[in-house]
Amino acid sequence: MRISRFFMPVLRDAPSEAEIVSHRLMLRAGMIRQSSSGIYSWLPMGLKVLNNISQIVREEQDKAGAVELLMPTIQSADLWRESERYEAYGAEMLRIKDRHGREMLYGPTNEELITTLFRDGAHSYRDVPCTLYHVQWKFRDEIRPRFGVMRGREFLMKDAYSFDLTKEDAKKSFNRMFVAYLRTFERLGLTAIPMQAETGPIGGDLSYEFIILAKTGESEVFCHKDLLDLKAPENVNYDSDLEPVMAPWLEKYAATEDVHDADRFASEVPRDKQISARGIEVGQVFLFGDKYNEPMKCAVQGPDGKLTTLQSGSYGIGVSRLVGAIIEASHDEAGIIWPQSIAPFKIGLLNLKVGDKDTDAACESLYEQLQSMGQTVLYDDSKERAGGKFKTMDLIGLPWQIIAGPRSVKAGKVELKNRASGEATELGLDEVINFFVTKSTDSPSTGTGRKSTES
RNA sequence: CGGGGCGUGGCGCAGCCUGGUAGCGCACCUGGUUUGGGACCAGGGGGUCGGAGGUUCGAAUCCUCUCGCCCCGACCA
């Protein structure tokens, strides 16, 4: 993409409405614009990140055996009366009427809908286990939206729902999602720790929140330091027993403030390993049994011919919130530092002197070649001065910068800079191409180890 | 909803107290000089001062009502 044809309104000063760093940076980098309180337009730069995150989430859901569908944003009030949540949900639910005066609502979640769909579509024990998910916009009319996209009213969320015949099987489905989450967050470049959490109004017996640590986190969390160093499992066989895979995370103390047990924390975790910090919740897994299946009569016929109410769980990932959360966890004074896996573009190509024949030619050639190799490149072909281009590129945080000015190009070289480490080297034009040939396009690493991948 | 604050060009702000017909920085356009970490000079475009009503010869400024937004709290992915 050429900057001259892109839409990326960057701001030198952050609008006064923004308080926390991720919100300020998203506004400044031209990723979002507020439409009204807690509701945002996603500009091209922001949308690319949002889509990249969704893509990784989908891939890991699919690997874990979940099946994607898409449910509507607008739901009927009657559906919610059936589960008796219409009155219970309160003012957070945005209620609307259609032209016939029928009561509708903008879905804050989808348990009712999915339960109806599955109930009507599944009749035999042979239809389970089944885990369905979708990635869809939701609306919760928060009393006070804040922190930009981290606590908006309208938000994009992946939610999955599992259906099983027995509690034991439901636990297995739960485990699959748990492991899929470990992998998903790792691929997003995050250290997310599963922590015991309150089951809340959705109810149920087993619940973990996946938390990333950040000063701007909304809640107080407590955990064992070693949990920060665990690596997500690779090549998972989702048909196997996953309890051993999960064990490293479950055997060490980790809890949110709601369920925190100070005595246990003190006795189970050595003093120098005790972490108490602020955390941002980026995902949650729940096992709630027959809470919705019972009232909504979601049951199948078992092998014994008897009608059996199904056992369920639900599993959410806050996709739009993750954009803000990742920035909170990955930025510096100059701007955003995108993990490679979700960067809107992998490479920023800076032409320091547009109009200089040699520099233009070198940039055009690099741009064409890199793109034909499948690399995503944002080519700054604008007439802006060098200093401004550097500042903008650092702000938007693309993992790699290729800097081409008349001086270096005359010597047949350009500069390759790593945004995360700041490390920069002069390379020949073909050397730069080679570097990206050997580099996987969707590596989840933040890419500081350039030397090792270079050879 | 309780408490606090703010709405003036795209962004950041001044002007308001003490009414006199709107200003600064950045961004934008034109020309010139510059050109590797947010240059300089000159010229220019853009604002019904959130909205409605009122007071007044005259309102960004005073009064009333209203809408929006932000921060703290209760609530939440």
Side-chain angles (χ1 to χ4, degrees), chain A residues 7 9-20 23-24 27-28 30 33-39 89-93 107-110 136-159 181 192 197-198 200-202 207-212 217-219 256 258 279-286 314-325 333-335 350-356 359 380 382-395 401-411 413-415 417 422 424 426:
Chain A
F7 183 63
V10 298
L11 262 22
R12 194 152 167 175
D13 304 303
S16 56
E17 69 198 33
E19 189 84 347
I20 64 167
H23 192 192
R24 297 170 68 89
L27 254 6
R28 286 191 55 210
R33 283 292 110 102
Q34 178 162 307
S35 167
S36 54
S37 181
I39 302 178
Y89 216 93
E92 265 194 13
M93 186 153 72
T109 180
N110 290 73
Q136 178 63 293
W137 291 93
K138 298 186 183 328
F139 194 93
R140 289 185 195 167
D141 200 356
E142 296 283 345
I143 297 169
R144 182 151 95 86
R146 63 182 109 176
F147 305 149
V149 111
M150 295 234 290
R151 178 82 178 282
R153 293 194 290 175
E154 188 181 51
F155 56 97
L156 186 63
M157 190 169 168
K158 184 287 300 184
D159 46 339
Y181 276 30
E198 217 167 36
I202 300 183
S207 170
Y208 284 88
E209 285 180 1
F210 285 74
I211 302 275
I212 68 173
E218 69 232 297
S219 54
T256 61
D258 307 326
I280 302 169
E281 182 189 344
V282 289
Q284 183 156 28
V285 290
F286 265 120
S314 78
Y315 317 91
I317 291 181
V319 176
S320 51
R321 156 176 284 200
L322 270 167
V323 180
E333 323 73 50
L350 319 213
N351 183 336
L352 295 190
K353 187 158 188 178
V354 170
D356 177 89
T359 314
D380 191 345
S382 69
K383 293 241 160 60
E384 205 184 344
R385 299 166 57 82
K389 293 191 178 191
F390 289 129
K391 294 290 182 193
T392 299
M393 207 48 89
D394 285 348
L395 171 65
Q401 297 174 11
I402 299 175
I403 300 158
R407 220 153 56 204
S408 55
V409 165
K410 191 151 288 171
K413 300 207 176 263
V414 291
E415 188 177 304
K417 182 181 142 189
E426 291 242 303

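Just so we're on the same page: letters track the sequence lines, and every chain starts at 1. Small disclaimer: the values here were computed from a predicted structure and weren't measured.
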S.K.: What's the CG-P distance between A:D258 and B:A74, to the nearest Å?
M.R.: 12 Å

S.K.: Round to the nearest Å and state the distance from A:E384 atom CD to B:G37 atom C1'.
M.R.: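 After rounding, the gap between these two atoms is 11 Å.
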
S.K.: At under 4.0 Å between heavy atoms, what does A:G318 touch on the DNA or RNA strands: base, sugar-phosphate, or nothing?
M.R.: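 Result for A:G318 = nothing.
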
S.K.: May I ask which nucleotide in the shown strands pairs with B:G10, Watson-Crick or G-U wobble, both distances under 3.5 Å?
M.R.: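 Matched B:G10 with B:C26 under the 3.5 Å cut-off.
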
S.K.: Could you give the CZ-to-P distance, from A:F286 to B:C76, as a whole number of Å?
M.R.: 11 Å

S.K.: Starting from P on B:C75, measure out to CE on A:M93 and report it in whole angstrom.
M.R.: 20 Å

S.K.: Taking only residues two or more places apart in sequence or in another chain, which ones pass side-chain hydrogen bond (donor to acceptor under 3.5 Å, both in side chains) with A:D258?
M.R.: none

S.K.: Judged by each residue's nearest nucleotide on RNA chain B, which is more toward the 5′ side, A:E281 or A:I403?
M.R.: A:I403

S.K.: Provide the distance between the two C1' atoms, one in B:G10 and one in B:G54, to the nearest whole Å.
M.R.: 33 Å

S.K.: Against A:L350, only a single residue in A:I403, A:V414, A:T392, A:I402 fulfils side-chain contact (heavy atoms from CB on, under 4.5 Å); can you say which?
M.R.: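 The single option meeting the side-chain contact (heavy atoms from CB on, under 4.5 Å) with A:L350 is A:I403.
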
S.K.: Quick one: look up who B:G38 pairs with, Watson-Crick or G-U, both distances under 3.5 Å, and put none if it's unpaired.
M.R.: none

S.K.: Who is the Watson-Crick or G-U wobble partner of B:G47, with both distances under 3.5 Å?
M.R.: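 Pairing partner, where one exists within any strand: none, as none qualifies.
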
S.K.: Any strand is fair game: report the nucleotide pairing with B:G73 by Watson-Crick or G-U wobble, both distances under 3.5 Å, or none.
M.R.: B:C1

S.K.: Measure CD/A:E333 against P/B:G38 and give the value in whole Å, please.
M.R.: 16 Å

S.K.: Grab the N/O contacts between the protein and nucleotides 2-5 of chain B below 3.5 Å, and write none if there aren't any.
M.R.:
none

S.K.: Report the nucleotide, chosen from B:G37, B:C75, B:C69, that has the shortest atom-to-atom distance to any side-chain atom of A:I143.
M.R.: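 Side chain of A:I143 sits closest to B:C75.
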
S.K.: Base, sugar-phosphate alone, or nothing: which one does A:G30 contact when heavy atoms must sit under 4.0 Å apart?
M.R.: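 If one applies the 4.0 Å heavy-atom cut-off, A:G30 turns out to touch nothing in the nucleic acid.
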
S.K.: Has A:R146 got a side-chain N or O lying under 4.0 Å from the OP1 or OP2 atom of B:C76?
M.R.: no

S.K.: Which whole number of Å gives the distance between the C1' atom of B:C71 and that of B:U35?
M.R.: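 Straight-line distance between the two C1' atoms is 43 Å.
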
S.K.: Polar pairs (N or O, both sides) under 3.5 Å between protein and nucleotides 30-35 of chain B?
M.R.:
from  : atom 1 : to     : atom 2 : distance (Å)
B:U34 : O2     : A:R385 : NH1    : 2.7

S.K.: State which residues pass side-chain hydrogen bond (donor to acceptor under 3.5 Å, both in side chains) with A:E154; sequence neighbours excluded, sorted by chain then number.
M.R.: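 By the side-chain hydrogen bond (donor to acceptor under 3.5 Å, both in side chains) rule, A:E154 matches no residue at all.
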
S.K.: Starting from the 5' end of RNA chain B, give me the residue, A:E426 or A:V282, whose nearest nucleotide shows up first.
M.R.: A:E426

S.K.: Sequence neighbours left out, what passes ring-ring contact (aromatic ring centres under 6.0 Å, His included) with A:Y89? Give chain and number order.
M.R.: A:W80

S.K.: Please classify the nucleic acid contact of A:D159 as base, sugar-phosphate, or nothing, using heavy-atom distances under 4.0 Å.
M.R.: nothing

S.K.: Whom does B:C57 pair with, Watson-Crick or G-U wobble, provided both distances fall under 3.5 Å?
M.R.: B:G20

S.K.: Over all strands shown, is A:G388 touching base, sugar-phosphate only, or nothing at heavy-atom distances under 4.0 angstrom?
M.R.: base

S.K.: Just how far is it from atom CD1 of A:I212 to atom CD1 of A:I280, taken to the nearest 0.5 Å?
M.R.: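 Going from CD1 on A:I212 over to CD1 on A:I280, the span is 4.5 Å.
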
S.K.: Please give the distance between the P atoms of B:C6 and B:C62 as a whole number of Å.
M.R.: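 That atom pair is separated by 12 Å.
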
S.K.: Please determine whether any donor N or O and acceptor N or O are separated by less than 3.5 Å between the side chain of A:S37 and the base of B:G68.
M.R.: no

S.K.: Tell me the partner of B:U64, counting only Watson-Crick (N1-N3 plus N6-O4 or O6-N4) or G-U wobble (N1-O2 and O6-N3) with both under 3.5 Å; none if nothing fits.
M.R.: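 Result: B:A52.
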
S.K.: Expressed in angstrom and rounded to an integer, what is the separation of A:F7 atom CZ from B:C28 atom P?
M.R.: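 Going from CZ in A:F7 over to P in B:C28 covers 14 Å.
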
S.K.: Between B:C69, B:G36, B:C76, which nucleotide has the shortest distance from any of its atoms to the side chain of A:Q34?
M.R.: B:C69

S.K.: Identify, with sequence neighbours excluded, every residue that meets salt bridge (Lys or Arg N to Asp or Glu O under 4.0 Å) alongside A:K138.
M.R.: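 Applying salt bridge (Lys or Arg N to Asp or Glu O under 4.0 Å) to A:K138 gives A:D159.
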
S.K.: Is there a side-chain contact between A:T109 and A:R140, using heavy atoms and a 4.5 Å cut-off?
M.R.: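 Yes; the side chains approach each other to less than 4.5 Å.
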
S.K.: Using atom types as modelled and distance alone, determine if a side-chain donor or acceptor of A:S408 lies under 3.5 Å from a backbone N or O of A:K413.
M.R.: yes

S.K.: Listed by chain and number, what are the side-chain contact (heavy atoms from CB on, under 4.5 Å) partners of A:R153, not counting sequence neighbours?
M.R.: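 Here the qualifying residues are A:S36, A:S37, A:I39, A:F139, A:D141, A:E142, A:P145.
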
S.K.: Mark this stacking check for A:F390 against B:G38 as yes or no, applying ring centres under 5.5 Å and ring planes under 30°.
M.R.: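 Answer is no, no stack.
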
S.K.: With C1' as the reference atom in both, quote the distance from B:A60 to B:C72 in angstrom, rounded to an integer.
M.R.: 30 Å

S.K.: Looking at B:C75, B:G37, B:G38, which one has an atom nearest to any side-chain atom of A:R28?
M.R.: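 So the side chain of A:R28 is nearest to B:G38.
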
S.K.: Are the side chains of A:D394 and A:K417 in touch, meaning some heavy atoms are under 4.5 Å apart?
M.R.: yes

S.K.: Pick the P atom in B:G51 and in B:G9, then give their distance to the nearest Å.
M.R.: 10 Å

S.K.: Please check if the side chain of A:Y315 supplies one atom and the backbone of A:K158 the other of a donor-acceptor pair under 3.5 Å.
M.R.: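 The answer is no, because no donor-acceptor pair under 3.5 Å joins these two groups.
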
S.K.: What is the distance, to the nearest angstrom, from the OH atom on A:Y89 to the P atom on B:A77?
M.R.: 8 Å

S.K.: Distance check needed: B:C70 C1' versus A:I20 CD1, whole Å only.
M.R.: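 Taking atom C1' of B:C70 as the reference, CD1 of A:I20 is at 13 Å.
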
S.K.: In whole angstrom, give me the gap between the P atoms of B:C13 and B:G7.
M.R.: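 Their P atoms lie roughly 9 Å apart.
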
S.K.: Apply side-chain contact (heavy atoms from CB on, under 4.5 Å) to A:K353 and list each qualifying residue two or more places apart in sequence or on a separate chain.
M.R.: A:D356, A:P406

S.K.: Can you list the residues that meet the side-chain hydrogen bond (donor to acceptor under 3.5 Å, both in side chains) rule with A:K389, with sequence neighbours excluded?
M.R.: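 If we apply the side-chain hydrogen bond (donor to acceptor under 3.5 Å, both in side chains) test to A:K389, skipping adjacent residues, there are no hits.
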
S.K.: What's the gap between B:C65 and B:G23 when it is taken at their C1' atoms, as a whole Å value?
M.R.: 30 Å

S.K.: A:Y208: what forms a ring-ring contact (aromatic ring centres under 6.0 Å, His included) with it, not counting sequence neighbours?
M.R.: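 Testing A:Y208 for ring-ring contact (aromatic ring centres under 6.0 Å, His included), a comparison that skips the adjacent residues, returns A:F178.
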
S.K.: Taking salt bridge (Lys or Arg N to Asp or Glu O under 4.0 Å) as the definition, give me every residue that meets it alongside A:E218, ordered by chain and number, with sequence neighbours left out.
M.R.: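 A:R321.
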
S.K.: Between B:C41 and B:C24, how far apart are the two P atoms, rounded to whole Å?
M.R.: 15 Å

S.K.: How would nucleotides 10-15 of chain B be written as a contact map, 5' to 3', with B for base contact, S for sugar-phosphate-only contact and - for no contact, using protein heavy atoms under 4.0 Å?
M.R.: -SSS--

